[in-house]
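Below: the structure, in structure tokens.
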Amino acid sequence: MDPSLEELQSELSLAYISFFKVVEQLEPDKRNQPGASGHWSPKDIISHLIGWDTSLQRFISNPDGFDPTPLYDTDAFNAKSVLERKHQSWEETVNELQSSYRNMQEMISTVTSEMKIYNRVSDWLKGRKADYEFHTSQIEKWIN
């Protein structure tokens, strides 16, 4: 793996770990309570993160067959990610985030600087890191 991509991946890992530390502090009655991010609950935030992490995996695994159209309407994409996981318990959603994140990290490790998707993956990693950091900050403020 390219050193700069490896650095981005490490930064993303730190952001993910920080997010998880904050999420683990949540009292059970707050996990599904709206207001952590607008009308979203912490569980909704996690569902949103899963959606984006999964999209990056799909892009890396099949860049030629990847349809970016849904990503251009981020509100609709986010709403769909949240709705798809509404039926899940907190534990199921957290487990899916952990699994999705691990799978995303594995997919990222297959990307090399020679690949045509390299720059797009690098940009996407910056976005993923920013997303985790943003929601970590929101939940921290919300629980304090």
Side-chain angles (χ1 to χ4, degrees), residues 1-28 30-33 36-38 40-144:
M1 181 174 15
D2 181 74
S4 62
L5 198 60
E6 193 171 300
E7 184 177 322
L8 285 170
Q9 193 173 17
S10 293
E11 291 173 6
L12 175 58
S13 290
L14 292 174
Y16 170 82
I17 290 166
S18 295
F19 175 80
F20 227 84
K21 284 181 182 178
V22 171
V23 165
E24 288 175 331
Q25 295 175 33
L26 287 166
E27 297 293 327
K30 285 205 149 208
R31 295 173 179 169
N32 293 303
Q33 185 178 338
S37 177
W40 280 356
S41 69
K43 182 177 173 267
D44 294 337
I45 292 171
I46 292 171
S47 296
H48 146 81
L49 293 170
I50 293 166
W52 286 102
D53 290 354
T54 303
S55 286
L56 177 55
Q57 292 171 57
R58 284 194 304 262
F59 173 69
I60 294 171
S61 68
N62 186 11
D64 295 327
F66 184 78
D67 178 14
T69 306
L71 305 180
Y72 295 130
D73 185 348
T74 57
D75 290 337
F77 179 86
N78 290 337
K80 183 177 182 262
S81 295
V82 171
L83 184 62
E84 287 175 348
R85 293 165 182 84
K86 271 291 186 207
H87 69 283
Q88 291 180 341
S89 69
W90 170 261
E91 290 77 18
E92 289 170 324
T93 306
V94 168
N95 288 339
E96 185 181 357
L97 176 65
Q98 292 171 325
S99 174
S100 171
Y101 182 81
R102 262 191 320 273
N103 292 338
M104 179 183 64
Q105 288 285 35
E106 287 175 20
M107 292 299 296
I108 293 166
S109 68
T110 68
V111 177
T112 65
S113 58
E114 295 80 32
M115 296 171 79
K116 67 181 180 177
I117 63 170
Y118 178 83
N119 289 334
R120 191 153 174 211
V121 170
S122 293
D123 289 343
W124 207 323
L125 285 178
K126 292 171 192 169
R128 299 305 317 121
K129 176 183 174 267
D131 204 15
Y132 274 98
E133 290 172 342
F134 175 71
H135 290 300
T136 299
S137 174
Q138 280 186 316
I139 293 175
E140 282 177 327
K141 290 176 187 171
W142 187 67
I143 62 175
N144 291 324

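For the single chain, residues carry numbers from 1 onward in sequence order. Scope of the values below: all heavy atoms of this structure, side chains included, with no hydrogens, waters or symmetry mates.
- For the 3.5 Å distance criterion, the side chains of Q105 and Y101 qualify, holding a donor opposite an acceptor.
- Here the closest non-hydrogen pair linking A15 and T136 is O-OG1, 4.2 Å.
- Expressed to the nearest 0.5 Å, how far CD1 of I46 lies from OG of S81 amounts to 13.0 Å.
- Of the inter-residue distances, the one linking S41 atom OG with W142 atom CH2 reads 7.5 Å to the nearest 0.5 angstrom.
- For the residue pair I139 and A36, the shortest heavy atom distance occurs at CG1-CB, 4.4 Å.
- A salt bridge links K80 with E84: the distance from a Lys NZ or Arg NE/NH1/NH2 to an Asp or Glu carboxylate oxygen falls below 4.0 Å.
- The closest donor-acceptor contact from the side chain of Q57 to the backbone of M107 lies at 3.5 Å or more, if one exists at all.
- In this structure, E92 and Q88 approach most closely via the heavy-atom pair OE1-CA, 3.2 Å.
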> Under the side-chain contact (heavy atoms from CB on, under 4.5 Å) criterion, do E91 and R31 qualify, and how do the steps go?
Replying inline: CA-CA 10 Å; E91 290 77 18; R31 295 173 179 169; 3.9 Å; yes

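- Judged by distance alone, the side chain of S109 and the main-chain N or O of E106 form a donor-acceptor pair under 3.5 Å.
- Looking at N103, its side chain does come within 3.5 Å of a backbone N or O of S99 through a donor-acceptor pair.
- Inter-residue side-chain proximity for L5 and T112 is flagged as unmet; no heavy-atom pair is nearer than 4.5 Å.
- By the 4.5 Å heavy-atom criterion applied to side chains, M104 and L12 are counted as neighbours.
- Between R85 and D44, no side-chain nitrogen of the basic residue sits less than 4.0 Å from a carboxylate oxygen of the acidic one, so the salt-bridge criterion is not met.
- Looking at every heavy atom in both residues, S113 comes nearest to Y118 through CA-CD1, 3.4 Å.
- Atom NZ of K30 is surrounded by more than 12 heavy atoms from other residues, nucleotides or ligands within 6.0 Å.
- Of the possible polar contacts, none joining the D131 side chain to the G127 backbone as a donor-acceptor pair under 3.5 Å is found.
- Between W40 and H48, the two ring planes are tilted [angle within 30° to 60°].
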> Between L97 and D53, does a side-chain contact (heavy atoms from CB on, under 4.5 Å) hold up when you go through it step by step?
Replying inline: CA-CA 9 Å; L97 176 65; D53 290 354; 4.0 Å; yes

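- Going from atom CD1 of I143 over to atom CD of E27 covers 9.0 Å, rounded to the nearest 0.5 Å.
- Using a 30° and 60° split on the angle between ring planes, W124 and W52 fall in the perpendicular class, above 60°.
- Of the inter-residue distances, the one linking S4 atom OG with Q9 atom CD reads 11.5 Å to the nearest 0.5 angstrom.
- In this structure, CG in L8 is found 9.0 Å from CD1 in I108, a value given to the nearest 0.5 Å.
- Considering CD1 of I117 and OG of S122, their distance stands at 9.5 Å, rounded to 0.5 Å.
- Across Q98, K129, R128, a single residue satisfies side-chain contact (heavy atoms from CB on, under 4.5 Å) together with Y16, and that is Q98.
- In terms of modelled atom types and a separation under 3.5 Å, the side chain of S137 and the main chain of E133 share no donor-acceptor contact.
- For D64 and K116, the salt-bridge test passes: some basic side-chain N is under 4.0 Å from an acidic carboxylate O.
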